[in-house]
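Below, all heavy atoms of this structure are taken into account, side chains as well, without hydrogens, waters or symmetry copies. These numbers were taken from a predicted model, which means no experiment stands behind them.
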Amino acid sequence: MNFFNKSITKRILGILLSATVVCSAMYGCSGGPSNDESSAKEAVASATSKPPASSKVDKVESSKPALSKPESSAEESSAEESSESSNTETSIGYIEIVENFNAEAVGTNSINLNWSSVSDISGYEIYRKCDSTSADYDKIMTIKNSSTTFFNDNQIVAGTRYYYQIRPYIYANDKYYYGEFSATNTFTQIADVSEITVTARTSSSIAISWDRIKNATAYTIYRKDSTDDNYTSIATITDWENSAYTDTGLTVGKTYYYKVDAFVSFGGESYYSNPSEISTYTPPEKPSFTASYDEKTEKIKVSWKAINGAEGYSVQISDDEDGDYDSYDVSDKLEFELKVKKNKMYYIKVYSYCTIDGEKKFSSYEMKPLECGEVPKVHGYDVGDTYIEISLDKQHMWYYKDGKLIVSTDVVTGYKNAHDTPTGLYYVINKASPAELVGETWDVWVNFWLGVTYDGVGIHDSTWRTGGYGGNIYTYDGSHGCINTPYDAVKKIYDNCKENTPVVIY
């Protein structure tokens with residue numbers, strides 16, 4: 001290829017065996033110059049059409065070089081002089097500057113670079129930095145095609161301004177000749193706020209939180225209610241680590257909508273993320289109530305005070321704290337009565353509610369236990385009428401369901417004074433049939449397993465036992481803490497027992 005001199009000027013640019021450093025770190029620019037030209041990342045962009053551009057970017061027109069042109073060495077100067085006097089070397093003329101160099105951010109992690117092609121050159125070098133105070137750029141791409149006018153930089157982070165320079169080059173006489181730099185810059189979009197959640201609600205306040213956005217300068221919170229058409233900015237939080245806000249002074253029984261966006265301030269301008277949205281409501285306050293039991297009428301009586309904004313109330317009662325509750329709607333009264341069984345413990349909850357957008361919205365609740373007569377206890381524990389009882393001294397186990405004895409059996413518990421079975425109130429935390437039991441010195445399968453503690457104590461069959469159960473076996477051939485049970489007995493318990501059944505060990 002021949003390159004012709006411009007008649008306006010004859011300027012031979014210095015030879016630069018270009019040092020290249022590709023800025024490939026995802027979180028910023030780094031690195032220093034390298035003398036290995038072949039190690040630089042080189043590619044030919046395959047597309048020359050301008051891709052879709054995002055909004056909110058700054059454009060800096062092409063300019064004169066921001067980096068000084070490398071000085072030629074003595075050897076390069078000699079080669080330059082030789083090129084003018086020799087008829088065997090190609091003569092290199094003025095290299096045009098790259099025009100219309102623009103950078104456009106696409107979302108949070110991509111920047112598109114576009115420029116006008118320069119004729120009669122070998123290609124382009126693209127440099128980048130992310131610190132406006134630094135004079136050092138890193139080369140990120142060598143394009144070996146003069147007709148390529150597009151490059152996508154996807155090794156970037158959100159909420160950061162990036163500065164770019166591009167220069168054309170000619171490779172001839174086994175040397176590189178460079179044109180002057182053109183410059184531009186842009187700002188990547190800040191990441192979107194996500195995972196907005198409601199963390200607390202009262203009749204007059206709503207608390208929300210969201211994921212922190214790295215590099216954010218601040219957050220803006222917007223709100224509207226069901227009667228508003230547009231959002232209004234209600235707060236700005238200037239600490240990016242503080243990703244929570246409590247909105248107060250609200251009206252009970254209304255639906256509220258919130259939006260939160262993050263933004264970065266740079267050079268007197270703000271760059272915003274896309275806002276995220278959530279809706280919630282203000283329920284009425286929970287009622288505070290009193291509950292009593294009348295032994296003559298065998299009735300529970302519950303009463304409470306009126307709640308502002310409440311349309312009605314719901315009373316829920318159960319004889320199992322963690323079980324199913326019977327619900328009773330009370331729309332026009334502030335008290336409730338219910339006949340119950342004697343000598344039992346009952347658990348009571350009272351809610352208030354209002355109708356929002358056609359649906360009942362309930363308050364939180366206060367729960368109170370109430371003894372109705374002489375409530376029997378198992379070794380001091382109120383476990384209702386369905387439970388498993390285990391006596392270590394008697395080496396015996398009983399299972400009661402709805403007050404009826406289902407199983408009574410001898411057992412073998414933990415080896416006394418070595419692997420004692422723990423005492424106290426526990427619950428059946430899991431069931432499995434069959435189950436593999438693995439420990440320090442054992443790996444066995446059992447037919448029925450009812451887990452009792454989180455560190456591995458449970459009730460299970462032990463078909464390997466040939467010496468029977470009960471008595472003082474646990475003092476010389478006890479288990480590692482589990483309750484070894486005859487096959488038929490543990491099967492019957494397994495078939496009739498649910499998870500969360502109380503287990504009293506004493």
Side-chain angles (χ1 to χ4, degrees), residues 284-307 310 312-353 362-394 396-408 421-429 450 452-454 459 483 493 496-506:
E285 291 287 353
K286 66 180 179 182
S288 178
F289 66 92
T290 60
S292 59
Y293 174 69
D294 189 329
E295 292 189 1
K296 292 182 180 181
T297 62
E298 298 182 359
K299 288 184 177 181
I300 289 175
K301 182 177 181 179
V302 185
S303 62
W304 56 91
K305 293 182 179 180
I307 299 297
Y313 305 89
S314 176
V315 179
Q316 295 188 1
I317 298 178
S318 175
D319 59 3
D320 182 355
E321 181 178 3
D322 299 316
D324 296 329
Y325 282 73
D326 294 323
S327 182
Y328 305 90
D329 186 86
V330 185
S331 59
D332 57 353
K333 297 180 180 179
L334 299 177
E335 61 182 13
F336 174 77
E337 289 185 347
L338 180 68
K339 188 167 184 176
V340 296
K341 295 180 181 180
K342 293 182 63 174
N343 303 324
K344 288 180 70 77
M345 177 74 78
Y346 286 90
Y347 301 88
I348 305 167
K349 301 176 182 178
V350 180
Y351 301 80
S352 62
Y353 66 82
F362 290 86
S363 69
S364 56
Y365 64 88
E366 180 181 8
M367 192 278 290
K368 291 183 178 181
L370 179 65
E371 290 189 9
C372 297
E374 293 293 328
V375 178
K377 291 181 171 59
V378 179
H379 286 269
Y381 297 107
D382 172 24
V383 293
D385 54 12
T386 299
Y387 59 91
I388 296 171
E389 179 182 352
I390 301 169
S391 169
L392 300 184
D393 289 341
K394 295 179 180 179
H396 202 84
M397 176 167 64
W398 301 266
Y399 172 51
Y400 293 88
K401 183 177 182 181
D402 297 326
K404 296 180 180 180
L405 180 63
I406 304 298
V407 173
S408 175
T421 300
T423 60
L425 174 61
Y426 301 92
Y427 295 87
V428 175
I429 57 177
L450 297 96
V452 173
T453 72
Y454 288 100
I459 302 167
I483 297 90
I493 295 175
N496 288 273
C497 179
K498 297 180 179 180
E499 291 184 3
N500 297 318
T501 296
V503 180
V504 179
I505 306 174
Y506 56 90

Non-hydrogen atoms of Thr421 and Leu392 that approach each other most closely = O-CD1, 3.7 Å

task = Could you check if a side-chain atom of Ser363 sits within less than 4.5 angstrom of a side-chain atom of Glu285, using non-hydrogen atoms only?
result = no

task = Determine the sole option in Trp304, Phe289, Tyr351, Tyr325 for which the side-chain contact (heavy atoms from CB on, under 4.5 Å) test with Val315 is passed.
result = Trp304

query = Any side-chain heavy atom of Ile459 sitting closer than 4.5 Å to one from Ile483?
reply = yes

message = So which atom in Thr501 and which in Lys498 form the shortest heavy-atom distance, rounded to 0.1 Å?
response = OG1-O, 2.7 Å

Met397 side chain reached by Ile388 side chain, heavy atoms, under 4.5 Å = yes

ask   = Going by distance alone, is a donor N or O of one side chain under 3.5 Å from an acceptor N or O of the other, for Tyr506 and Glu389?
value = yes

Donor-acceptor contact below 3.5 Å, side chain Ser327 vs main chain Gln316 = no

ask   = When rounded to the nearest 0.5 angstrom, what is the spacing between CG in Asp324 and CG in Asp322?
value = 11.0 Å

request  = Working to the nearest 0.5 Å, report the span between NZ of Lys401 and CG of Asn496.
outcome  = 4.5 Å

ask   = On the ring face of Tyr365, is Lys286 found with NZ or CZ under 6.0 Å from the centre and within 45° of the axis?
value = no

message = Nearest 0.5 Å, please: how far is CE in Met345 from CG in Asp320?
response = 12.0 Å

note = Test side-chain contact (heavy atoms from CB on, under 4.5 Å), reference Tyr346, set Cys372, Ser318, Pro369, output is Cys372

query = How long is the span from the OH atom in Tyr347 to the CE atom in Met367, to the nearest 0.5 Å?
reply = 7.0 Å

ask   = Checking salt bridge (charged side-chain N to carboxylate O under 4.0 Å, His left out) for the pair Asp319/Lys344: CA distance, chi angles, key distance, verdict?
value = CA-CA 7 Å; Asp319 59 3; Lys344 288 180 70 77; 3.4 Å; yes

Tyr328/Phe336 under ring-ring contact (aromatic ring centres under 6.0 Å, His included): CA gap, chis, key distance, verdict = CA-CA 9 Å; Tyr328 305 90; Phe336 174 77; 5.0 Å; yes

Side chain Ser331, main chain Gly312, donor-acceptor under 3.5 Å = no

task = Could you pull out all residues at least two apart from Tyr387 that satisfy ring-ring contact (aromatic ring centres under 6.0 Å, His included)?
result = Tyr400

query = Is Tyr293 close to Lys342 at the side-chain level, that is, under 4.5 Å between some pair of heavy atoms?
reply = yes

query = Does any non-hydrogen side-chain atom of Leu450 lie less than 4.5 Å from one of Cys497?
reply = yes

task = Mark yes or no for whether Tyr381, through its side chain, and Val503, through its backbone, hold a donor-acceptor pair below 3.5 Å.
result = no

ask   = Do the side-chain N and O atoms of Tyr353 and Asp329 include a donor-acceptor pair separated by under 3.5 angstrom?
value = yes

ask   = Who pairs with Tyr426 by ring-ring contact (aromatic ring centres under 6.0 Å, His included), at least two apart in sequence or on another chain?
value = none

note = Value for CG (Leu334) from OG (Ser303), rounded to nearest 0.5 Å, stands at 9.0 Å

query = Stepwise, does the side chain to side chain contact (heavy atoms under 4.5 Å, CB included) test hold for Glu366 with Lys349?
reply = CA-CA 6 Å; Glu366 180 181 8; Lys349 301 176 182 178; over 6 Å; no

ask   = Considering all heavy atoms of both residues, which atom of Pro287 and which atom of Ile307 are nearest to each other, and what is their separation?
value = CA-CD1, 4.0 Å

Any side-chain heavy-atom pair of Ser288 and Lys305 under 4.5 Å = no

note = CG (Asp385) and CG (Asn343) are apart, to the nearest 0.5 Å, by 11.5 Å

request  = Could you check if a side-chain atom of Ser292 sits within less than 4.5 angstrom of a side-chain atom of Ile300, using non-hydrogen atoms only?
outcome  = no

ask   = Would Ile317 and Ile348 count as a side chain to side chain contact (heavy atoms under 4.5 Å, CB included) if you check the C-alpha gap in whole Å, the side-chain angles of each, and the deciding distance to 0.1 Å?
value = CA-CA 5 Å; Ile317 298 178; Ile348 305 167; 4.2 Å; yes

key: Check: His379 and Lys377 side chains under 4.5 Å, non-hydrogen atoms   = no

Neighbour count >12 (heavy atoms, 6.0 Å) for atom NZ, Lys368 = yes

remark   = For Pro376 and Asp382, the nearest pair of non-hydrogen atoms, with its separation, is O-OD1, 4.5 Å

Side chain to side chain contact (heavy atoms under 4.5 Å, CB included) assessment of Val383 paired with Val504 = CA-CA 9 Å; Val383 293; Val504 179; 3.9 Å; yes

ask   = Quick one: ring-ring contact (aromatic ring centres under 6.0 Å, His included) partners of Tyr427, sequence neighbours excluded?
value = none

